[in-house]
Every structure is written in C-alpha cells, then in structure tokens.
Trainee: 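Below is one structure. I have some questions about it.
Below, read A as the first sequence line, B as the second, and so on, with proteins coming before strands; counting in each chain starts at 1.
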Amino acid sequence: MTRSGLELRHVRVPFGDKAGLDDVTLQVPRGERVALLGPSGVGKTSLLRAIAGLGVLSSGAVVVDGRDVGSLPPERRGVVYMHQSPSLFPHVSVLDNVAFPLEVRGVTKRAARATALELLDRVRMGFAAARPPSTLSGGQRHRVALARALAAEPAVLLLDEPFASLDPELRAEVREAVIEILEHGNGPAVVLVTHDVDEAAGVADRLVVLLEGRVAQVGLPADLLASPRSVAVARFLGIPNLIRGMRDERGVVSCAIATFERPGAAGPVAVVVSAGMLRIRAGQRDGPAGTVTAVLHRVAGVAVRCDVGGESLLAVPEPGIDVAIGATVHVAVDTRALHVVDEPLDRG
Amino acid sequence: MNRWRDRALFLALLAWVLLPVAMLAVRALAQSWRFPQILPAATDRLSALTLSTAAGDRLASALAMSITLAAATGLIGTILGFVIARSAAGSSQLFRRLTLAAAFFTVIAPPIALGVGLQVAMLGVGLGGTLVGVLLAHLVPATGYLTLFAVGVFSSLDSSLEDEARTLGASGWQVVSRVLVPLLRRRLGEALILGGLVSWGQVAITLLVGGGLVRTLPVELMSIVQSGDDRVAAIAALMLSVPPMLGIGLLTMGARRTGASV
C-alpha cells in the first residue's frame, strides 16, 4: 500500500485559453521526490498551482494524505507551493519568516520562534535569524524558504523551477540543500518542476515527462534515460543518438552501428543510445568506422560527433585518445545498451 | 551656465508657488491693507490673529467639520479603493476595464457635474443636507482616485508573496493583516492622505449635496469671500492650505525615515 502523500486522479488543468494538461494520474508518497519535465507551455506550473489550490482544475481529483482537497482553499490543503524565486516576507526577520506558518496556525509567538530557530539551525541558517531577508544571498534565501516550508509541516511540497533563477554555482548549492533538507522517510511528498533533465535526474527519485498535454512517461531517472518510450520522449530528454533502424520478421534489428536481436513487430524502428555507451577506443577496429565531424569540449569531458553510415552520432573517446576532425575512428557499442523504440524515426 | 539657469528656474518656481501663500499670510496678519500700499502699514502689521468671536467660532466649527469629513473620506475611501482594486485584479479583463473606466470617470468628471448627479441621488434617499450624505458624495471622487492609486500599488506588488502565504496556512484575512497591510503600510498612509485631500478641497459637491447646511472650511471660505472680509478670508485660506502641505511633508519624512518602498 502506498504511503499517503499526493495522488492525482485523471486531473485536467487548463493552460490559459488552451487545453493544457489532460488525464494526469500520478502518485507521490511522502518522502519521495518527483520531477515534472516538459517543454515550456505544456502546463507544468499550472498543474502545480492547481494542486496547491492557487489555480483552476477542470476535472479530476487532487488527493492529499487520502483526503480529496479539490474543494478546499489553499491554506487547508496541506500543500506548500514555493515559487521559482523564494518569496520571503521582506517586512519581517528571517526568524519571523520561518515562524509565520506556525503563528498563523495559532502557535504562540514564543513557541513558534523556538521551533523556527530549530528549523533554521537544521538548514544551517541559524546565524541569520535576526537578519532581514534582503541581506541574504540567493542560496541562503532558498534555505530559509525551505525551512519555512517545513515549518508548515506539509504533506506535499511543490517546488516551481527551484533552480532556474540561480547561477551555476548556486544551483549546485541549492540542489544539495534540497536533497539534504528534504530527507526521505517522514518528509513531504515533493513535486518539482524543472526544464533541466540532468538536474531533475540528480534531485528526483522519479521523473515524469509531460508532452503534448499528457503524461508521456514516468520512471526512475536511469530507466527513463536508457529506455524512453517514444522518439518524442527521447528527443525531449536530449538523448543525442537516435538512429534509424529496421526490424525483420525474425526480430533482428539492423542499424548503422550494429545488428542485434530484439523481438517485436517487423518494420522501421528507432534505436536509442546515450553518448556514453558509444566508445571510441585506441587501436581497436571493432565496431563500424566513421569520420569525426566535430570535437566537443564539455564540462563532463570530451565528446566526438562522427558520421557513421550516414548517421550523425555522439560518442565518447576513451581517456588519452587524441581525435581530430576528419579522422577515421571505430565506434564500439555494447548492443545490450541499445534501446529500440517501435516507431519510425522520422515521425515526431 | 546650465547650473545658473537651473537655479534661476528653481527660484522662479519657488516664488511662483510661495508668493500667493506669503501674500495670504501677510493679509491674515494685517488689520487692513489698502491699495496702493505695497505692504500694510507698520501699525497694522502683526496685529495678532485676533478674530471676532463669531468669525472664530465659524472657522473653528468649519475646520472641525472639514477634518471629520477628510478623515472619514480618507479612511473609508482607502478601504474601498484597495478592496475594489484587489477584486478587479483577480477578475476578468472586461470587469477590470469597466472598474478602471468607472474609477477614471469620477476623477475626470467636473465636480460640479458630479455634484448635480449626487445631489439628486442623495435627495432621493433622504440624505440631502446631511453630513452622511456629504460624506457619501465625497467618497465618490475619493474612491475613484484611490482605486486608480491602489491598482498601481497592486501592479507593483509581488503576488507570489500572497500565494506562498496562503499555502503556508494563512487564511485570506491573515494574508491581509499579516502580509499585505504591513507591506503596504506606507502606500496606505499615502492613500489616507490623498483621500483626505480629495475631500478637503471639495466645494461644489459639498454645496450641492450639503445644501449649505454642512459647512466645511471651503464652503465657509466661499461665504466669507462673498461677504468681503478679506482678512478672515485670508485666515481661512491659510487654514485650508496648511494641512495638505503638512500631510505631504509628513509622508515625505516618513518615507525618508523608513526608506520604505513596495
């Protein structure tokens, strides 16, 4: 049985005058972090606002800890919604910001401040308790906002693009804070919205890809990245290698980099593989030959774009290998890493 | 060169603004001031603000009436203006436009025209010639001004503060009392004074709706001017001019001290 938390049942959310999201069904137990991924305008923020009671829900049910909260006002749902840029109240101190959710629930000022101070210590912001929010850095504001959200003891915590307004250094800091502060177990069910697949995969336990108004796929980050259900999902996730293939009646799939068995209906298919699974090894001539068309220097390391049998593929050279544009290389792949999508590549 | 020009322009502007007030002050202090004297004779100057008991009572009573009306108009108008602006902000575009148009109309309509309509309305409900009727009439232009003012205030207010406060457990009233009012304290103060000033200077509406029975300072001033008593008129005019300047000064000082802004 699922631990209580958030449950969406066939939820439909309009996006302005457009149709928005339809038939969203999802369960997020307490302690789990789920990231909603989707292109701009798909309705991710509208969905979060509808869950929080700040936006409109056309149909379906929002259930929090086993209770349908669809007809309840935002303050009685047990759902805290955090904006992209934390909205700390500028007219009170950091401590009183964190005490706010307790005080509005009737806790005495003294007790509320004592609890708020504990929460600030937990997020390592106790030193700033007496300071006004305007004196905090971006990362510190996020920490305080998280402490304030936890003070409300929500069943569900909604984070709308929590890293979007931060520079890369602060992003990492806030990401770590989210993971550290929202520990599993007794914590709230966390739903966060982000555009960044890597970030989502780093923070969330599960990813939900929203495409064309619907849930396109839900899964663990590793599963989703290795086995996208459709070409559209693969493209959205930014998987660089989508290769045209053909499956015959015996279930043998042929594509530019390999021939391998994958039972299924005969016909055109798309073969999906991440860059890390295509290796360029020194001195080895196993795998198909290709010509290097670009050498990409990235934070994660060097990657090479090469033309193999008419397909432009992204591969990773093993350390120490010097590749240059125009060089001939051999691309090695473990066929077990190849994922087959039963649809022609040209579609979508 | 530019600096001297700017200074000259500033001094000219200052003289333009202050000269009428200075003339009023001199006239109020002098027992008599006859043409072609440039200034009152020395014996006539600084005769102290001695007024006949009757004139003093008239002005004191009118001053009290004006203060009462201005305070009530400022307070009620501020509440109404902010509530209307807030409802408009959360409603459909059509309703929002209609609200703004209605508010704008009360601002641009000549007070005399507005007063005629309000006179008919107040007489119809039995409030003609009463303080309540005049207050309601003053609230029409004041609420218009303050609705437009509040629309501007809300447009610069970060709505995410309210959203987060609600989901953190605050009821609608708690959001107003614990978030909005403290945040908008300075703006609310400005609105109170602005609303009070709209009432403070009303003549046409007060005369038409009050029917001469509700005697505010501007109404009394008109009457004194018509009677030809220049000195009492100058004193009344000064009484009418000083409070608005004090109000604006206080607001400016408050803003400087707190550095508050929304």
Trainee: Using a cut-off of under 4.5 Å on heavy-atom pairs, state which of A/Arg76, A/Glu103, A/Glu153, A/Arg77 scores highest against chain B.
Mentor: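 Of A/Arg76, A/Glu103, A/Glu153, A/Arg77, A/Glu103 has the most heavy-atom pairs under 4.5 Å with chain B.
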Trainee: For the residue pair B/Gly172 and A/Glu75, what are the closest heavy atoms and their distance?
Mentor: N-OE2, 4.2 Å
Trainee: Counting only non-hydrogen atoms closer than 4.5 Å, does A/Leu158 touch chain B with its backbone (N, CA, C, O), its side chain (CB onward), both, or neither?
Mentor: neither
Trainee: Would a distance-only check, ignoring hydrogens and angles, find a side-chain to backbone donor-acceptor pair under 3.5 Å from A/His91 to B/Arg178?
Mentor: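 Checking the backbone N and O of B/Arg178 against the side chain of A/His91, a donor-acceptor pair under 3.5 Å is found.
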Trainee: Rounded at 0.5 Å granularity, tell me how far CZ in A/Phe89 sits from CD in B/Glu162.
Mentor: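 Going from CZ on A/Phe89 over to CD on B/Glu162, the span is 10.0 Å.
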Trainee: Assess whether atom CZ of B/Phe154 is packed by more than 12 heavy atoms of other residues, nucleotides or ligands within 6.0 Å.
Mentor: yes
Trainee: Mind checking the OG-CG spacing from A/Ser87 to B/Leu168? Nearest 0.5 Å is all I need.
Mentor: 10.0 Å
Trainee: Give a yes or no on whether the backbone of A/Val104 and the side-chain of B/Gln174 come within a donor-acceptor separation of less than 3.5 Å.
Mentor: yes
Trainee: Can you tell me which portion of A/Phe100 sits under 4.5 Å from chain B's heavy atoms? Options are side chain, backbone, both or neither.
Mentor: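 The answer is the side chain of A/Phe100.
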Trainee: Would you call A/Val92 and B/Pro182 a side-chain contact if the rule is heavy atoms closer than 4.5 Å?
Mentor: no
Trainee: Can you tell me how far the OG atom of B/Ser171 sits from the CZ atom of A/Arg105, to the nearest 0.5 Å?
Mentor: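 Result: 13.5 Å between the selected atoms.
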Trainee: What I'd like to find out is whether the side chain of A/Val79 reaches to under 4.5 Å of the side chain of B/Thr167, using heavy atoms alone.
Mentor: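 Answer no - side chains too far apart.
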Trainee: Check whether B/Glu164 gets within reach of chain A through its side chain, its backbone, both or neither, counting any heavy atom under 4.5 Å.
Mentor: both
